[in-house]
Amino acid sequence: MRYKPLGDTGVQIPEVGFGTWLYKGDRSVIRRTLELDGPFIDTAESYRTENYVGQAIRGQREAYFIATKVSPENHRAADLVRSCDRSLARLGIDVIDLYQLHAPSPSIPIEETMEGMARVIKEGKVRFAGVSNFSVEQMKAADAALRDLSGGHRVVANQVLYSVFARGIEADLLPYCEENRVTVIGYSPLAQGRLGGELKNRPELSAALERAAAETGKTVAQALINWAVRSPWAVTIPATNRVERVDENYAASDWRLTDAQYAAINAAA
Ligand SMILES: NC(=O)c1ccc[n+]([C@@H]2O[C@H](COP(=O)([O-])OP(=O)(O)OC[C@H]3O[C@@H](n4cnc5c(N)ncnc54)[C@H](OP(=O)(O)O)[C@@H]3O)[C@@H](O)[C@H]2O)c1
């Protein structure tokens with residue numbers, strides 16, 4: 001497993017982690033991520049899977065990097081602190097490694113939210129702050145507010161949709177993050193389970209992926225995951241409820257599509 005920097009923290013995280021939206025709680029699935037040296041688990045208060053994650057990591061908490069999220073309706077400072085406490089309790093841990101604002105709030109000022117974030121960091125309940133589904137402008141505002149209110153803590157990651165099928169961040173967000181040393185945590189690298197349908201509708205892309213898979217001796221899913229971690233600042237968090245697919249998805253690290261394969265996939269996409 002290759003690791004990538006988490007912002008400017010000095011901490012490195014696996015470039016392939018594990019998403020838990022729709023995770024049904026089979027502990028062996030999460031434990032396999034540790035055996036494969038990719039113990040980076042992403043959850044959220046809204047997924048209702050934090051308790052499953054807590055059960056799976058019990059007794060080995062120190063070995064994992066745990067990321068969770070606070071929903072926009074809880075972005076008032078006091079609500080954020082309460083949400084953080086509840087997440088800690090459900091996860092059965094003392095500190096969240098990465099606490100992410102799940103999406104921008106349409107009504108609560110970011111300064112008010114970051115007041116809460118600064119508090120949970122100061123109290124030692126959160127190590128690092130992140131955002132999710134934030135634009136470049138929203139990220140800049142979030143980072144400035146947190147810096148001011150926390151005495152220098154930064155927004156170290158932005159979790160956003162990123163796959164061969166959804167390349168919107170390449171226009172501005174990905175270059176901004178690469179330049180400013182912010183980690184991009186890409187979600188839904190496998191089209192949220194609609195892989196078969198997506199590929200059927202796009203024969204040229206499907207052919208390019210199959211060719212790359214054949215040439216590298218990998219699967220199409222592995223080619224897609226490898227594509228998603230091409231940038232030195234990008235990691236990805238595919239989800240599965242099947243142990244054997246953790247093996248498959250994690251074996252998408254430790255090698256690279258050639259420039260020609262990458263270009264052919266992009267041209268077809
Ligand atoms: N921040 C946000 O707003 C946001 C939004 C969406 C997702 N996320 C995060 O990102 C994670 C991943 O995204 P996602 O769950 O939307 O979708 P995804 O990872 O693109 O796709 C997951 C689906 O792909 C299937 N799958 C997994 N490995 C496979 C393989 N090797 N070959 C074929 N199919 C495979 C899974 O089915 P099986 O279980 O049957 O293997 C599941 O149905 C989420 O769990 C969540 O943590 C965040």
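Computed from a predicted structure; not experimentally measured. Whatever order the structure lists them in is the order used to number ligands and atoms, beginning at 1. All heavy atoms count here, side chains included; hydrogens, waters and symmetry mates do not.
Taking 4.0 Å as the cut-off between side-chain N and carboxylate O, R82 and D79 count as a salt-bridged pair.
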Check against side-chain contact (heavy atoms from CB on, under 4.5 Å), V182 and W233: CA-CA 7 Å; V182 178; W233 287 91; 5.9 Å; no
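Sorted by first and then second residue, the pairs that involve residues 92-135 and meet ring pair (Phe, Tyr, Trp, His ring centres under 6.0 Å), not counting sequence neighbours, are Y47-H102. Judged as a ring pair (Phe, Tyr, Trp, His ring centres under 6.0 Å), not a single pair has a partner in residues 166-206 (not counting sequence neighbours).
Each of G19, T20, W21, D42, Y47, K69, H102, S132, N133, Q159, Y187, S188, P189, L190, A191, Q192, G193, A221, I237, P238, A239, T240, N241, R242, R245, E248, N249 has a non-hydrogen atom positioned under 4.0 Å from some atom of ligand 1.
A search for salt bridge (charged side-chain N to carboxylate O under 4.0 Å, His left out) contacts involving E248 returns nothing, not counting sequence neighbours.
Under the 4.5 Å side-chain criterion, counting only non-hydrogen atoms from C-beta, W255 is in contact with Q222.
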